[in-house]
Amino acid sequence: MTGTPDLYTDGGTEPPVVVKLGGARAVDPAGAVGDVAHLVANGREVVVVHGGSTEVDDQLEALGREPEYVETPGGVTGRFTDEDAMEVFEMALPGKLNTELVVGLRNAGVDALGLSGVDGGLLAGPRKSAVRVLEDGKRKIKRGDHSGRIDAVDDGLLSGLLADGYTPVLSPPMLGEESDGDVTAVNTDADRAAAAVAGALGGELVVLTDVAGVYEDPDDADTLIGAVDGPADFEDLEAAAEGFMTRKVMAAKEALEGGAAAVYVSDANVRDPIVAALDGAGTRID
Amino acid sequence: MTGTPDLYTDGGTEPPVVVKLGGARAVDPAGAVGDVAHLVANGREVVVVHGGSTEVDDQLEALGREPEYVETPGGVTGRFTDEDAMEVFEMALPGKLNTELVVGLRNAGVDALGLSGVDGGLLAGPRKSAVRVLEDGKRKIKRGDHSGRIDAVDDGLLSGLLADGYTPVLSPPMLGEESDGDVTAVNTDADRAAAAVAGALGGELVVLTDVAGVYEDPDDADTLIGAVDGPADFEDLEAAAEGFMTRKVMAAKEALEGGAAAVYVSDANVRDPIVAALDGAGTRID
Amino acid sequence: MTEAECVECGSAVTLHDDLEIGEIVDCGTCGAELEVVDVSPPVLERAPELEEDWGE
Amino acid sequence: MTEAECVECGSAVTLHDDLEIGEIVDCGTCGAELEVVDVSPPVLERAPELEEDWGE
Ligand SMILES: [Zn+2]
Ligand SMILES: [Zn+2]
């Protein structure tokens, strides 16, 4: 999907870069913040997307509440976000983390502007309030979840802000559409949010994580997969991905299917991590 | 400052309306939310500004911390916002309250988009970290406060969003500029933030509160001041204002000096409170 | 042991005693997945198909 | 009772015993407002002018 340079709205030949920063404690944004500043100073359009699952847990615990995780029959573990948890989610992500990241980027010279997925209906899709869970070996339907999957991105809002020189800093929640037409703030995975944004903008998606990329064998540093080109390669990648990396690979697939130019999964904890990723340090998926 | 209609960017003759919703529990935003929807549906540009001091206190208490208030030698009581309190402030205002208000407005059909003052450097000015306080009868300098006063509004950002059909929903913190050039998220009064925005946009400022307006004698409902026109009237208003109303009147003054078309102080808890205010239900200041 | 009727094929579905609301049981006859929406007396509905999804 | 020098006029300023850092004292000679920036030994600086301001 890359190869031939196209002309973008800014008159340049490079697509916007969508950078996903981790919520995991292992992912230090300091290097990434300076790197975003370099890219922007060099005229590149950048959108930053961040998660913050551990911060949600920390704040729940500070408030004396217990984070609730459920296992689905398929073996996926995920947060169950009831109404109270959603409130803490809003406090942790668009509240604390987004504000701090915007301030950090502004101190690096970036005209950063924070938005959650509810703002302007930026990240929208159907709300899912029921989940299938496995509890004590029993399959159950559990209701009251606040989650959803993005099926629409207001790319016009982002393009407008980018054209005006702002660097959007995005975070969950997304805008969940109920069957009765009402909307609610709901949880969504930040990797997939970044993928949806990269797809909508035709951008390059850089997913920064706490390992160097996707490995054929995670215990063998020599088996880092450098480039994934075409369906056969991608099947190998899907087979190789384990644990949390499965989600990164699924996000990569969604980004490319949505129109992203390329996806990079790479290490956050190196010097200039975004430029390193774009230069091929981690796993590149086309 | 009103009287002769001017042409505004939307081609209409009416300036934007800047609505300040309370943070106080007494101010129910439900009526205001529907009213914003009416105004927007009728082609009026609206900017919403909200506070949320009681929510900050509630969250501090839920986290087992004590809200800290100080008294200045001049008798003004205000929050002392240390670094920890600022974090909770971010969680309560741009996190929880702003997200909930944006969702509420979207459910009323408004294309609402939330921003804090740090986003895009929207509300900026010098940070003040030292305050003069009166403690046990002693005057002291207390350092480590996170507060500031807005001296610049990015009105271009707001105009652009309004022209694109969005209704900005703004909240503190503001972007505090340190003497070394760094920036920090800092506390600022939401009434004065609304005043700064109304001034920058040449808008009409509607300050919704839990009383009908400014009274000559707060204990006598017949003494509501209906219209304040000119400096002599304004001096009477300043003399009449007591307690928290002193701050509303000071905000009104700042708004008008900054270029606002008019200021209305009026009751939030009536039907269609914004339209009622614009129609003269409360105190109108020119 | 109690029984309830499968909403898909009408067969009797045998249910264990400590049945919980929200639990999913399979119809032994037609294989439909049924959600327990009430327990006394037991009421079954077709269990909704739900994608495996997750948030932060 | 201790003393410290006024940074504005050089006069000796008499200080009470339970002096705290941050406290503001007035110079009896020139009237300057002085901030106690250290207590042992006491050090005075010109107290900053600060506007009355407040947040949420
Ligand atoms: Zn059946
Ligand atoms: Zn002196």
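Here is the naming used below: chain letters follow the sequence lines, and residue numbers restart at 1 for every chain.
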### Task
Give the intermediate values and the outcome of salt bridge (Lys or Arg N to Asp or Glu O under 4.0 Å) for residues B:Arg139 and D:Glu23.
CA-CA 6 Å; B:Arg139 285 171 301 146; D:Glu23 201 174 330; over 6 Å; no
### Stepwise side-chain contact (heavy atoms from CB on, under 4.5 Å) check, B:Lys138 with D:Val25
CA-CA 9 Å; B:Lys138 286 182 183 176; D:Val25 295; over 6 Å; no
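Heavy-atom distances place the side chain of D:Glu35, and not its backbone, under 4.5 Å from chain B. Contacts between B:Thr81 and chain D at a heavy-atom distance below 4.5 Å are absent for every atom of the residue. Of the two parts of B:Val70, neither the backbone nor the side chain holds a non-hydrogen atom closer than 4.5 Å to a non-hydrogen atom of chain D. For B:Val56, no part lies under 4.5 angstrom from a heavy atom of chain D. In this structure, the portion of B:Phe89 lying under 4.5 Å from any heavy atom of chain D is its side chain and not its backbone.
For B:Glu71, the CD atom sits in a packed shell: over 12 heavy atoms of surrounding residues, nucleotides or ligands are nearer than 6.0 Å.
Taking the salt bridge (Lys or Arg N to Asp or Glu O under 4.0 Å) definition, one finds that B:Arg149 meets it with D:Glu51, D:Asp53, sequence neighbours left out.
With rounding to the nearest 0.5 Å, the separation of CD1 in B:Ile141 from CG in D:Leu50 is 5.0 Å.
Contacts between residues 113-130 of chain B and chain D, defined by a heavy-atom separation under 4.5 Å, are made by B:Lys128, B:Ala130.
The candidate from B:Lys142, B:Arg143, B:His146, B:Met174 with the greatest count of non-hydrogen atom pairs under 4.5 Å with chain D is B:Arg143. When each of B:Pro173, B:Ala193, B:Pro172, B:Ala190 is scored by its heavy-atom pairs under 4.5 Å with chain D, the top score falls to B:Ala190.
At least one test fails for B:Arg79 against the ring of D:Trp54: distance under 6.0 Å to the centre or angle within 45° of the axis.
Counting heavy atoms from C-beta outward, B:Arg132 and D:Ile24 have side chains that approach closer than 4.5 Å.
With hydrogens and angles disregarded, a donor-acceptor distance shorter than 3.5 Å links the side chain of B:Asn187 to the backbone of D:Glu56.
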